[in-house]
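What follows is one structure encoded as structure tokens, with my remarks underneath.
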Amino acid sequence: MSLAVTGAVRDGQPIGLRAENGVIVEIGAGVQARPEDERLDAAGAILVPGLINGHTHAAMTLFRGYGDDLPLMQWLEEKIWPVERRLEPDDVYWGTRLACLEMVRSGTVRFWDMYWHPEAAARAVDDAGLRATVAAPLIDSGGQAEAMRAAALGSLDALTGAGELVEAGLAPHAIYTVSEDSLRWIAELVAERDIRVQIHLSETEPEVSDCVAAHGVRPAHYLDRIGLLSPRTVLSHGVWLDDAELELIAARGATVVTNPVANLKLAVGGVFPYPRARAAGVQVGLGTDGPGSNNSLDLFADMKVFALLQKHEARDSAAVTAEETWEIATGRHAPALGAARGLEVGQPADFLLLRAAAPELSFGELPAALVYAAPGAIVQSTVVAGRVLMRDGVVEGAEEVLERALECARRLGLAAPITPTPTAPR
Ligand SMILES: [Zn+2]
């Protein structure tokens with residue numbers, strides 16, 4: 001399988017690219033298509049790397065618009081959890097396909113997913129052609145330790161061979177929903193199998209005070225004591241991390257994924273201390289969190305909110321630049337999230353072509369245009385592992401994904417469609 005992209009632009013200069021078997025084999029001004037290549041004429045579009053979404057609950061697209069604007073616990077207890085108990089693998093499959101469709105359309109090439117029926121999510125990722133680390137949420141409250149361990153091992157078995165672009169992980173939900181014994185067991189399993197692990201950490205302030213009361217230390221130190229802080233670890237949120245925790249996380253080589261839009265929507269009352277994390281040397285990625293708490297999967301929106309929120313919090317408009325924000329969103333500051341090293345020979349052929357005619361990109365500095373002006377709709381074509389997932393705004397099979405996701409949402413008694421007959425996006 002080979003692909004040739006011609007007529008693209010990078011840094012104001014013409015550029016072409018060839019990929020074979022998912023890997024870039026040629027890139028430069030003089031690259032020409034070969035007879036056997038699938039062709040993608042960029043027609044002047046701008047070539048950039050794809051975006052990396054570090055934290056999702058993808059299938060919650062089905063819950064979008066269901067119980068918005070409620071306090072967090074009321075939303076979970078009255079709206080989300082009762083429906084989640086009725087979720088079938090098919091619901092997760094089509095909910096994840098819908099999420100993948102949205103991510104392809106807005107330029108995400110890889111994501112880190114934590115959700116029920118992970119084997120169904122993995123199948124959806126594979127069918128959509130994206131890359132993802134997929135993991136079941138693990139919860140053992142109420143004496144469920146044995147069942148949780150069986151579920152963890154079962155999910156790893158079910159995810160073996162789930163597809164070339166799918167990686168199996170583990171996702172203990174949080175330190176307040178998984179016991180210390182079970183977290184130790186997970187830490188050992190993660191080390192033994194050399195897999196990645198993600199956990200929600202320090203999203204709210206009570207989570208920190210409860211941890212100190214129960215264990216005598218703050219959350220990052222608690223995880224370290226358990227053996228769950230390593231280069232394999234991704235911590236989502238990290239809003240309330242203090243300097244000593246940030247130093248520890250950096251020393252252990254763990255990654256923090258910040259989810260600024262979800263933090264604002266759920267009113268967690270704080271802001272991830274990015275400038276202090278950067279000074280400590282912490283690896284940082286960007287995430288949307290689930291469509292129930294964001295509600296969008298368009299990382300362009302999250303980039304803008306991340307940069308604005310950090311500037312506002314620091315009372316310093318230079319606290320984070322557009323270029324740095326773009327690097328974070330493309331996974332450059334968090335190698336553990338699995339982004340390609342860059343658009344160069346030997347690297348995975350994961351990239352985007354951005355509409356050159358988009359008014360938002362017509363002049364000025366590109367990173368500023370991407371972070372402050374552009375929506376995900378400026379993505380014209382999306383390529384993952386050398387496969388064209390969206391060509392000139394068209395994703396194959398989009399109608400079926402919309403129809404089937406809608407059927408699942410209806411069966412679960414979730415929100416009615418906004419339009420009577422949804423049609424495929426253009
Ligand atoms: Zn989450």
Side-chain angles (χ1 to χ4, degrees), residues 52-64 66-68 70-77 79-81 83-84 87 92 95-96 99-100 102-103 108 110-118 121 125 132-139 141 155 169-178 183 186 196-208 219-220 223 228 233-241 254-272 284-299 301-302 305-306 309 334 336-337:
I52 309 294
N53 192 338
H55 180 60
T56 62
H57 311 280
M60 290 186 83
T61 46
L62 300 182
F63 292 83
R64 184 185 280 137
Y66 180 66
D68 284 301
L70 291 174
L72 175 61
M73 287 322 288
Q74 192 184 346
W75 175 65
L76 287 173
E77 286 170 3
K79 296 288 180 179
I80 301 301
W81 291 341
V83 184
E84 282 191 333
L87 276 181
V92 170
T96 307
C100 290
E102 294 173 24
M103 287 192 265
T108 290
R110 182 178 183 121
F111 63 105
W112 216 119
D113 198 52
M114 175 195 291
Y115 206 59
W116 310 109
H117 302 296
V125 171
T133 305
V134 174
L138 303 173
I139 292 176
S141 37
S155 74
L170 285 175
H173 172 264
I175 58 171
Y176 56 90
T177 45
V178 185
L183 286 171
I186 291 166
R196 299 183 214 261
V197 60
Q198 178 155 174
I199 184 167
H200 293 113
L201 195 82
S202 293
E203 182 175 6
T204 65
E205 202 170 18
E207 190 184 328
V208 178
L223 279 190
L228 203 48
T233 310
V234 177
L235 309 167
S236 40
H237 300 303
V239 170
W240 299 95
L241 295 170
T255 297
V256 178
V257 169
T258 178
N259 305 277
V261 172
N263 293 159
L264 286 167
K265 187 168 183 241
L266 294 177
V268 300
V271 174
F272 168 60
V284 175
L286 182 66
T288 54
D289 210 341
S293 59
N294 182 300
N295 300 354
S296 164
L297 288 157
D298 179 355
L299 268 177
D302 302 72
V305 170
F306 167 77
L309 190 59
L337 297 179

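Because only heavy atoms are used, hydrogens play no part in the values below, and waters and symmetry mates are left out as well, while side chains stay in. All ligand and atom numbering here is 1-based and tracks the order in the structure.
- Taking the charged nitrogens against the carboxylate oxygens, E84 and K79 have no contact shorter than 4.0 Å, which rules out a salt bridge.
- Checked by atom type, the side-chain pair D113/H57 shows no donor-acceptor distance below 3.5 Å.
- Taking 4.0 Å as the cut-off between side-chain N and carboxylate O, K265 and D289 do not count as a salt-bridged pair.
- Of the possible donor and acceptor atoms, one in the side chain of R196 sits under 3.5 Å from a partner among the backbone N and O of A336.
- E102 is not listed as a side-chain neighbour of D298, based on a closest heavy-atom distance of 4.5 Å or more.
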Stepwise side-chain hydrogen bond (donor to acceptor under 3.5 Å, both in side chains) test for R64 and S296
CA-CA 9 Å; R64 184 185 280 137; S296 164; over 6 Å; no
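- For the Zn ion (ligand 1), protein N/O/S neighbours under 2.8 Å (waters excluded) are H55 NE2, H57 NE2, H200 NE2, D289 OD1.
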